[in-house]
Structure formats: structure tokens, C-alpha cells
There are 2 protein chains.
Amino acid sequence: MAKQKKAHCEADLRARILTQDIPPGSDLDEASLAEDYGISRTPLREVLHRLAGGGYVRLEENRGAKVESMDFATLRVFFQTAPLIYCSIARQAAENRSSREIAALKETQVQLSRVARAGDARQSGLLNHKFHEQIGEMARNPYLFAGLKRMLVDHTRLSQTFFDPKTNADETRIKKAIEQHDAMISAIEAQEAALATDLTLQHWDLSRDQLEKYVRPDPIPLDVISMKDHRNAI
Amino acid sequence: MAKQKKAHCEADLRARILTQDIPPGSDLDEASLAEDYGISRTPLREVLHRLAGGGYVRLEENRGAKVESMDFATLRVFFQTAPLIYCSIARQAAENRSSREIAALKETQVQLSRVARAGDARQSGLLNHKFHEQIGEMARNPYLFAGLKRMLVDHTRLSQTFFDPKTNADETRIKKAIEQHDAMISAIEAQEAALATDLTLQHWDLSRDQLEKYVRPDPIPLDVISMKDHRNAI
DNA sequence: CCTATACATTTTGTATACAAACGAGAAATT
DNA sequence: AATTTCTCGTTTGTATACAAAATGTATAGG
């Protein structure tokens, strides 16, 4: 029972950080969190240590835990490194996947496409996170997997807007991303490493285009006419 | 005072694991370790959690901490992934290094060459570890750095014999490795990224030859991105 | 002789009380 | 008025006692 509470605490904190329910830079107070989750401070501190190990929070001496921030420098490195890690992982996942893992991945994908269709942005982001983490496990490469997990923490937080469609174009993009997932599953299942990396790169391109808009949004139109044109163009 | 004891405990356990003074697969008993280091079990458990986060030990539910083992599968992946991570890190270290970090790196190198000449294999291994970790920090890439740190845990453990010369050829190899370090420092200081990666690859080759008793598969291609689409480069 | 089960021992997990460090604000000194 | 120092409340860090789980051992039954 108490074990479940601790596991729930850790999973819930992870989810809340990934969805930015607890935003980057937030202070985490041990006493109040322990009370919230109905456990004492000792196991809560162990949870925080584990979250720190996974790049979710930063522990400072005598100063408690803060949710890892995402400054501009981090973002730059993120864009720089993502294709390398994602593609290397995809290649090795295709080489080393087991059929059991493929089945689990397909199950995640089914759930993801369901919640995405239902418009549940929060669950979509979390299941998308799980999807890519499962591919990471398939690669059986603890070195790259360590980097991937940290990368996914930032990626999921950054792309919180991705699964929350505002326009028709957004919905198309979500649909496309989920189709890409299906293609990636097939390639990995068929152990076609080259295809898997290629599809992963395309998937990254889609995500990156969306993220760049979020990070560097379209400039405000200089005049009313061009804005009208833009609206009518769709 | 107590803070120092805890820090010492963590550093000492790290060193003992890296030097295989505590061999892979060992069980770590909380009570006896706590007594050995003169701290109570609570802070000791936090140390173990941190070591687990760094890939030094594995924590199993209700079953304590074991030093991470190095099975055959791990070894294979190690040889596969090392050049990719080391070279990516070296390139970015050259791009992002500060002069302060260069000075610190040089200091480590001075110490390393001193203890290596003195035949202190244990300290040589640990300082070599520190040297490469410092280069990792220079890259300012938390994603690759996470993988590098895990890689170095295994690399340092594997190469425990490296700095313990048995023959003249061994001594020549050590000398060569340390000369390579000097060249790497120069390249990184001069921000010559291409040269730094090239030297790093040579350095890896030397180390790999030494570890060659283990099966080594083909490395992951270094240019997974540039092969495809250079739009992805930033 | 082997297996299974109950019990005892050991080890890990949690709660709580206490100690130490930090930070904010008041008081004192220049 | 500005700066320093002191004090107190808050928060984090540690020790210890206790609970729960796992492991080892002995004994009963087959």
C-alpha cells in the first residue's frame, strides 16, 4: 500500500513536470509534497533523488529541489542533438527489438491515437513520451538511452502545445505524426534499420517545425491586408 | 563535518567502483557501509540513489544495491557506441570550451602524467576518468553528457589494466595516450573541432586495441545526419 | 531423502524527532 | 542612511526506532 503511494508520487510528479503542470524552475517543498502524497519526507526525498537522476529536477545543497529549467542555451543544444540521438536509437531499436516489445509499442500507439482523436492534449503528450521511451528501451543501449531520456523530458515539455490543435493545420500535423508512428513501428518490426532512421528523421522534422514556431513564433503581420490574405489562403 | 563525510562516502564509493576495488555485481550492504563511513543509513541511501542515477549501481526493490554488472551484451554496445559519443563530445567541447575549463583540464593532465610516470595505476585510471569527464562538461550538452558519464563508468572499469604496464609495449602505449591527451587539449583550446574529433578517434582506437580481447562490432556511423539532409544541422 | 511449510534472522523501507543551515527582517553600529 | 550583525521562523539534513519484506533454517510430512 505504502509502496504504491510512493510509486504513484514518483509517476505523478514525472507527469506533472512533463506536462508543465509544474513549470520549469518551480521550487518543490518537501514537507507539503510529502503531505500531498500521504508519505513521509524520507521516501519523498528518495523520489526527488531519482527524479534528479533522470534530469527532471535539480537538487541544490540545503536549498531543496527545483524543476529543471529550460533556458535558451539548452534549447539550442536540444535542436542540435535531437536528430543524432533519435536516429541512432531508432537504428538500434530496429536491430534489437523483440516481438514482445513491438506488441507493447503497438498498444501504446493505439492508446495514443485514441486520446489524440479525443483531443486530450495532456494524455497525448504523455503517451507520446512513453512511445519514444519504449523505442529507446528496444535499442538496448544504456549510453544513448540515458541521453534520450533526458532529451524526452525537454521534448515533451516543449511540445505540450503540439497535441492541442488550434487550427486545421494543427490537426493535420497530429494525424501525420501518428501515421509516422505507425510507419516507424513497421520499420522497426521489420528490422529495417535504414528505413527506421529515415522515418525518425522525418518525424523529427515535423516536430521541429512545430517547435520552432513555438520558440520563434510567426512575426505579427505588418498590415491588415496581408493578414487577411493569409487567412483566406487556407 | 557530517557533510564532508557524506561527500567522501560518495566519492570513495565512486572511486572504488571505478577501480573495481568493488567489483561488478557486488552487493552493497547499507548497514555496514553506513558504519564504515560513519554516517547513518538515511544519507547513505541517498548516496546510493545518486550512484544509481549515474549508472554506478542498480537498486532493486527490497533487495538493496548492487554494483552495475558488465555482461557481454553491455560490452558489445559499449564498443559500438563509444566512438559516436566521444567524438560528438569532443567536437562540441572544442566549440564551447572556456579558457577556465582549459586551465582545469591542463591541471588534470599534469597530475595524470605525474601519477602515470610514477606507476600508480589506480590514480591514473581515476584521473583519466576525470580528464574525459571534464571534456564532457565543456561540450555543454546535457544529453550527450549523460551518455558519456555512463560510458566512462564502464570504460574506466574495463581499462583498469591499461595504466598498469607489464611490458615495454604497455609503457609505450601509456606514453602515447598521454601525448594524445596533450594534442586533444591543444585542438580543443584552438577550437579546431575537426581536429579534436580526429584526435579523439585515434585516442579511442588506442584504447580499443587494448581492450580488444572482447568482441567488438562495427561502430555506429558518425555521420547519420549529414548522410541524409543537412537541413537538420543547426 | 526430498519437499514444503512455519519460524527466526537479516535486510530493506518508512516515520518521526531532532540538528543544522538558510533567509528574512529587526536591531545596532558606523 | 547604509551596512553589518543578530535573531527567529522556515526548510533541509541526519539519526534512530520501528515496520515490512526477504532470506535462511529447521522440522514435519510424504
Side-chain angles (χ1 to χ4, degrees), chain A residues 1-17 20-69 71 142 153, chain B residues 1-17 20-69 71 142 153:
Chain A
M1 189 58 188
K3 207 62 69 53
Q4 283 182 342
K5 278 195 210 165
K6 188 176 163 185
H8 168 259
C9 164
E10 184 168 346
D12 190 60
L13 282 176
R14 278 203 153 88
R16 288 173 63 190
I17 290 171
Q20 299 212 39
D21 179 33
I22 309 177
S26 304
D27 272 304
L28 299 177
D29 181 55
E30 292 177 5
S32 57
L33 282 177
E35 196 180 13
D36 291 350
Y37 290 105
I39 56 180
S40 76
R41 277 179 54 224
T42 308
L44 180 93
R45 280 168 64 87
E46 294 192 348
V47 166
L48 291 179
H49 275 266
R50 271 201 289 275
L51 292 180
Y56 287 76
V57 305
R58 168 186 302 276
L59 297 176
E60 274 171 286
E61 196 83 356
N62 292 318
R63 201 159 305 186
K66 284 193 209 312
V67 175
E68 274 284 3
S69 60
D71 54 6
V153 172
Chain B
M1 192 60 192
K3 208 58 72 51
Q4 281 182 341
K5 279 195 210 167
K6 187 175 165 185
H8 168 259
C9 164
E10 184 168 347
D12 191 61
L13 281 177
R14 279 204 152 88
R16 289 173 62 190
I17 290 171
Q20 299 213 39
D21 179 34
I22 308 176
S26 304
D27 272 304
L28 298 177
D29 181 55
E30 293 177 4
S32 56
L33 282 177
E35 196 180 10
D36 290 350
Y37 289 106
I39 56 180
S40 76
R41 279 179 54 223
T42 309
L44 181 94
R45 281 168 64 87
E46 294 191 347
V47 166
L48 291 179
H49 275 268
R50 271 200 291 273
L51 293 180
Y56 287 76
V57 305
R58 168 186 302 276
L59 296 176
E60 275 172 285
E61 197 81 356
N62 291 319
R63 199 158 307 187
K66 283 193 209 316
V67 175
E68 274 285 1
S69 61
D71 54 7
V153 172

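Below, chain A is the first sequence line, B the second, and so on; all start at residue 1.
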**Request:** Tell whether R41(A) reaches the base of dG13(D) with its side chain through a donor-acceptor pair below 3.5 angstrom.
**Result:** yes
[X] [atom1] to [N] [atom2], straight-line distance once rounded to whole Å:
X	N	atom1	atom2	answer
K5(B)	dA15(D)	NZ	P	7 Å
L44(A)	dG13(C)	CG	P	16 Å
L59(B)	dT12(C)	CG	C1'	11 Å
I39(A)	dT16(C)	CD1	C1'	14 Å
E61(B)	dA22(D)	CD	P	9 Å
R45(A)	dA15(D)	CZ	C1'	13 Å
K66(A)	dT11(D)	NZ	P	13 Å
E60(B)	dG13(C)	CD	P	11 Å

Smallest separation among heavy atoms of [X] and [Y], with atom names:
X	Y	result
P24(B)	V67(B)	CA-CG1, 3.7 Å
L28(B)	L33(B)	CB-CD1, 3.8 Å
V47(A)	C9(A)	CG1-SG, 4.1 Å
V153(A)	G54(A)	CG2-O, 4.0 Å

**Asked** Is there a residue in residues 29-38 of chain B whose heavy atoms reach under 4.0 Å of DNA chain C, and which residues are they?
**Response**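 Those residues whose heavy atoms fall under 4.0 Å from DNA chain C, taken from residues 29-38 of chain B in numerical order, are D29(B), E30(B).
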**Asked** At what distance, to the nearest 0.5 angstrom, does OH of Y56(A) lie from CZ of R16(A)?
**Response** 14.5 Å
**E30(B) CD to T42(B) OG1 distance, which is reported to the nearest 0.5 Å** = 9.5 Å
**Request:** Go through the steps for R14(B) and E10(B) under the test side-chain contact (heavy atoms from CB on, under 4.5 Å), then give the verdict.
**Result:** CA-CA 6 Å; R14(B) 279 204 152 88; E10(B) 184 168 347; 2.6 Å; yes
**Item:** Residue mapping more 5' on DNA chain C - nearest nucleotide basis, E46(A) or N62(A)
**Value:**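 The 5'-side residue here is E46(A).
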**Message:** Using OP1 and OP2 only, check whether a side-chain N or O of T42(A) sits under 4.0 Å from dT14(C).
**Reply:**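 Checking dT14(C) against T42(A), no side-chain N or O comes under 4.0 Å of OP1 or OP2.
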**Message:** Taking only side-chain N and O atoms of K6(A), does any of them lie within less than 4.0 angstrom of OP1 or OP2 on dT14(C)?
**Reply:**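 True: K6(A) side-chain N/O within range (under 4.0 Å) of dT14(C) OP1/OP2.
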**Message:** Considering every strand and a 4.0 Å limit on heavy-atom distances, what is the contact class for L28(A): base, sugar-phosphate, or nothing?
**Reply:** sugar-phosphate
